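Report on the following structure.
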Amino acid sequence: MSRIEIRWHGRGGQGAVTAAVIVAEAAIAEGKYAQAYPEFGAERRGAPVRAYTRVDTNPIYTRAPIRNPDVVVVLDPSLPKELYLEGLKSGGYLIINTKKSVKEVYESIGRSDIRVAVVDATRIALETLGVPIVNTAMVGALVRVVPIARIETIEEVIRASFSGRLAEANISAVRRAYEEVKVST
Amino acid sequence: MQEVKWRRLPLNSNYAVAYAVKDCDVDVIAAYPITPQTTVVEKLSEFIANGELDAEMIHVESEHSALSAAIGAAAVGARTFTATAAQGLELMHEMLHIASGLRLPIVMTIATRALSAPISIWCDYSDLMNTRDASWITLIASSAQEVYDSVIQAYRIAEDPRVLLPVMVAYDGFIMSHTYEPVYVAENPEVIREFVPRRKTWLTLDPDKPITLGPIANPDWYYEIKYQQVVAMEEAYKVIKEVDEEFGRRFGRSYGVIEKYRIEDADIVLLTYGGLFGTVREAIDAMRKRGINVGGLRLRLWRPFPAEEIIESVKGKKLVIVLDRAISYGARIAGPVALELMSTMYRMSEKPEVLSVVVGIGQRTVTEEDIAEITALGMKYLEEKRVPNQTIYWGVRA
């Protein structure tokens with residue numbers, strides 16, 4: 001694995017920053033190098049939020065923002081596509097929380113040079129957590145599609161950062177999304 | 001001597017500060033929350049609440065009071081800590097001089113941030129550069145690991161009887177304060193506490209042995225007392241190096257007063273400080289692949305200024321490009337470090353050209369491409385023998 005750069009898109013309150021940090025924590029726990037940071041500024045509930053994760057097997061020195069991510073993870077499908085497709089590398093991944101099929105997403109984004117993964121994370125979150133907070137489900141989808149950390153490590157990180165029942169509910173969300181995510185061929 | 005056991009944790013630089021302060025077993029913390037420093041004190045409160053740190057947390061009503069409380073605590077012999085940024089550091093400014101004038105070994109961290117007005121919560125080094133003449137030893141870190149290590153070193157330096165000056169450890173607000181990255185922290189903090197042993201090295205207030213701290217000094221003595229701070233800074237320079245070397249021997253990590261990157265055979269040297277050096281470093285690797293003979297220098301110690309090391313490092317180079325993230329308004333060379341470098345180089349017989357460049361003001365983005373373009377511009381100026389004797393404001397819409 002060389003360097004992988006991930007950009008997370010959500011709205012304030014959906015946990016995009018936490019998701020970015022969980023993935024970095026898992027990569028670091030596995031002995032890799034990682035950075036996770038929020039888009040600094042607007043963090044009002046409902047406002048578009050970005051967060052970033054950079055993972056590498058070698059040390060990371062740069063502190064320049066990620067402008068051409070390898071992977072974009074979209075927590076909120078109502079965000080404008082121009083926002084989350086910006087700079088996404090050709091050959092990169094769009095992992096999106098949606099009820100749509102891969103085919104339908106391709107039709108709506110108008111880009112065929114990227115790979116698409118879809119997961120109905122809102123439904124998973126409602127069924128596991130009882131609230132539409134989709135960040136952990138999206139982490140599950142991400143580590144299935146892009147192997148930057150093992151799902152077991154993600155689960156350990158979640159157990160360490162959430163308390164008992166909440167941890168278990170989030171782990172269910174991770175596992176469900178990991179199983180249910182569908183990737184373009 | 002007990003061996004240190006490291007834990008590799010994902011921490012941002014604010015949390016790295018908190019871990020270091022805990023591991024140094026401070027007695028008194030006085031702080032007022034300000035973005036982007038706030039989570040330093042939040043984490044420390046957590047450590048106190050869960051019993052990992054036995055310290056007094058004084059919640060004050062302003063930064064002026066925060067440093068005043070730290071001064072009071074240090075004056076009775078407590079190991080003290082405070083943290084701030086931006087307007088908070090400005091509000092403290094009066095007390096900065098009192099802390100250093102009273103020779104109190106206070107340690108403070110700064111998550112550097114732009115100054116208002118207009119209001120900006122984002123990163124640059126305007127706040128830190130305004131403290132230049134306050135007689136505080138000033139270290140600038142470029143990774144969360146270095147933040148952790150530097151805070152530990154800071155207590156050893158400050159409390160050294162040859163020094164007795166307060167120490168600031170600065171790092172990029174947001175760009176570092178809020179970025180998680182791997183940090184090795186001691187699993188057995190007693191090893192760190194051994195490295196920063198408690199020694200009563202400074203004059204303290206004691207009811208059984210009354211003294212007065214900070215009385216008036218008339219013209220017949222004020223100057224001599226202030227000159228002692230000049231001497232202390234000179235002594236500090238040696239102590240800072242000694243402590244860093246000992247830290248390296250003991251824990252396997254040391255930083256020096258400047259960091260050099262691929263400069264041995266370089267014609268052009270990029271000099272900067274803080275987190276930006278990481279970006280410069282990767283830009284240098286990319287430029288080297290294209291055959292450009294460029295290297296990097298990082299200023300880790302700002303006060304006292306590592307003049308000898310800098311002169312030694314730039315000797316024989318063709319061009320030094322200084323990337324500053326602060327503006328000295330009205331100065332022809334408006335980058336504070338560029339200005340310092342040029343005055344330091346004045347007596348060199350054969351000196352490189354210097355290009356002063358201001359970047360990243362109010363956290364304006366700086367990418368590897370910016371660094372490459374700035375380098376190309378510097379090379380063009382050099383070739384045409386017209387390196388400007390004034391600062392370039394990179395990327396500004398003027």
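In what follows, chains carry the letters A, B, and so on, assigned in the order in which the sequence lines appear, proteins first and then strands, with residues in each chain numbered from 1. Computed from a predicted model, the values in this text were never measured in an experiment.
Proximity to chain B (any heavy atom under 4.5 Å) is shown, for A:Ala24, by neither the backbone nor the side chain. Within the 4.5 angstrom heavy-atom criterion, only side-chain atoms of B:Thr365, from C-beta onward, approach chain A. Looking at B:Ser143, both its backbone and its side chain come within 4.5 Å of chain A, counting heavy atoms on both sides.
A distance of 11.5 Å separates OH in A:Tyr37 from CD in B:Glu181, rounded to the nearest 0.5 Å. Here the OG1-CZ distance, from B:Thr179 to A:Arg54, works out to 9.0 Å after rounding to the nearest 0.5 Å. Taking OH from B:Tyr180 and OG1 from A:Thr53, the interatomic distance works out to 12.0 Å, rounded to the nearest 0.5 Å.
For A:Arg63 and B:Tyr171, the positive end is not near the middle of the six-membered ring at less than 6.0 Å and at most 45° from its axis.
Interface with chain B: from residues 65-76 of chain A, residues A:Pro65, A:Arg67 qualify, criterion being any non-hydrogen pair under 4.5 Å. Residues of residues 271-280 of chain B having a heavy atom under 4.5 Å from any heavy atom of chain A, listed by number: B:Gly275, B:Gly278, B:Thr279.
B:Arg8 contributes no side-chain N or O that, together with a main-chain N or O of A:Ala29, makes up a donor-acceptor pair within less than 3.5 Å. The main-chain N or O of A:Tyr61 is found under 3.5 Å from a side-chain atom of B:Glu282 such that the two form a donor-acceptor pair.
When the candidates B:Ile371, B:Asp172, B:Asp370, B:Thr367 are compared by the number of heavy-atom contacts under 4.5 Å with chain A, B:Thr367 comes out ahead.
Between B:Glu368 and A:Thr62 there is a side-chain heavy-atom pair separated by less than 4.5 Å.
Atom NZ of A:Lys89 sits in a crowded spot, with more than 12 heavy atoms from other residues, nucleotides or ligands closer than 6.0 Å. The number of heavy-atom neighbours closer than 6.0 Å to CZ of A:Arg111, taken from other residues, nucleotides and ligands shown, is above 12.
Contact detail for A:Ala34 and B:Pro182: the closest heavy-atom pair is O-CD, 3.3 Å.
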